Asks: 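Sharing a structure here in structure tokens format.
Bear in mind that the values here come from a model prediction, so they are computed numbers and not experimental data. Position 1 is the first residue of the sequence, and the numbers go up from there. The figures here come from the full heavy-atom set of this structure, side chains too, leaving out hydrogens, waters and symmetry mates.
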Amino acid sequence: MPSRSRFHKALLTGKTTHAALGGRKPSFYAVSTEDRTIDPDLERFMAKRMGATTIEVKASHLSLISHPQEITNLILQAAGQAK
């Protein structure tokens, strides 16, 4: 079993040669504007880089708990069942 420090190093230094979806499938992302765990600007950057359909929720890191309807709607949109 790798040590904890090796696990973290691998996360920071590992490289992907091929994206899992290869850019063929749409991506969806919920930016939590009050997130203090992941900077919202970083969330926006990641969403833009993946070309995601994005919503912004005025919530902390656990927006799926504090804003379940908005997150459910995004999941339904991703599943092609948007209301």
Side-chain angles (χ1 to χ4, degrees):
M1 168 109 63
S3 72
R4 188 172 198 181
S5 62
R6 284 187 184 168
F7 178 73
H8 287 284
K9 184 178 179 184
L11 282 175
L12 298 174
T13 60
K15 294 187 179 184
T16 302
T17 55
H18 300 286
L21 298 175
R24 293 184 304 262
K25 300 220 179 204
S27 299
F28 295 80
Y29 200 101
V31 173
S32 297
T33 62
E34 307 297 317
D35 200 328
R36 294 175 62 187
T37 302
I38 303 173
D39 187 293
D41 286 335
L42 177 58
E43 293 180 19
R44 289 181 190 101
F45 168 77
M46 292 187 298
K48 183 178 180 181
R49 185 173 66 177
M50 68 176 76
T53 297
T54 306
I55 63 168
E56 294 209 4
V57 183
K58 187 172 181 167
S60 64
H61 189 67
L62 296 175
S63 58
L64 69 149
I65 293 172
S66 62
H67 290 77
Q69 191 58 59
E70 290 93 328
I71 302 303
T72 298
N73 291 343
L74 183 64
I75 292 168
L76 290 172
Q77 183 179 0
Q81 299 177 18
K83 292 181 179 182

Asks: Between I71 and A30, which heavy-atom pair has the shortest distance, and what is it?
Replies: CD1-CB, 3.7 Å
Asks: Nearest 0.5 Å, what's the CG-CG distance between D35 and L62?
Replies: 8.5 Å
Asks: Atom OG1 of T33 and atom CD1 of I55: how far apart are they, to the nearest 0.5 Å?
Replies: 10.5 Å
Asks: Going by the rule side-chain contact (heavy atoms from CB on, under 4.5 Å), which residues pair with S60 if we only count those two or more places apart in sequence or in a different chain?
Replies: none
Asks: Between CG of L64 and OG of S32, what distance do you get to the nearest 0.5 Å?
Replies: 8.5 Å
Asks: Using the side-chain contact (heavy atoms from CB on, under 4.5 Å) criterion, which residues pair with T54? Sequence neighbours excluded.
Replies: Y29, V31, A47, A52
Asks: Examine L42 and M50 and state if one hydrophobic cluster contains both, with Ile, Leu, Val, Met, Phe, Trp and Tyr joined whenever side-chain heavy atoms are less than 4.5 Å apart.
Replies: yes
Asks: With the 4.5 Å side-chain cut-off for hydrophobic clustering, are F45 and I38 part of the same group?
Replies: yes
Asks: Testing the 3.5 Å rule here: is there a donor-acceptor pair between the side chains of Q77 and N73?
Replies: no
Asks: CD of E43 to OG of S63: how many Å apart, nearest 0.5 Å?
Replies: 8.0 Å
Asks: Under the salt bridge (Lys or Arg N to Asp or Glu O under 4.0 Å) rule, what pairs show up with a residue in residues 51-63, not counting sequence neighbours?
Replies: R44-E56
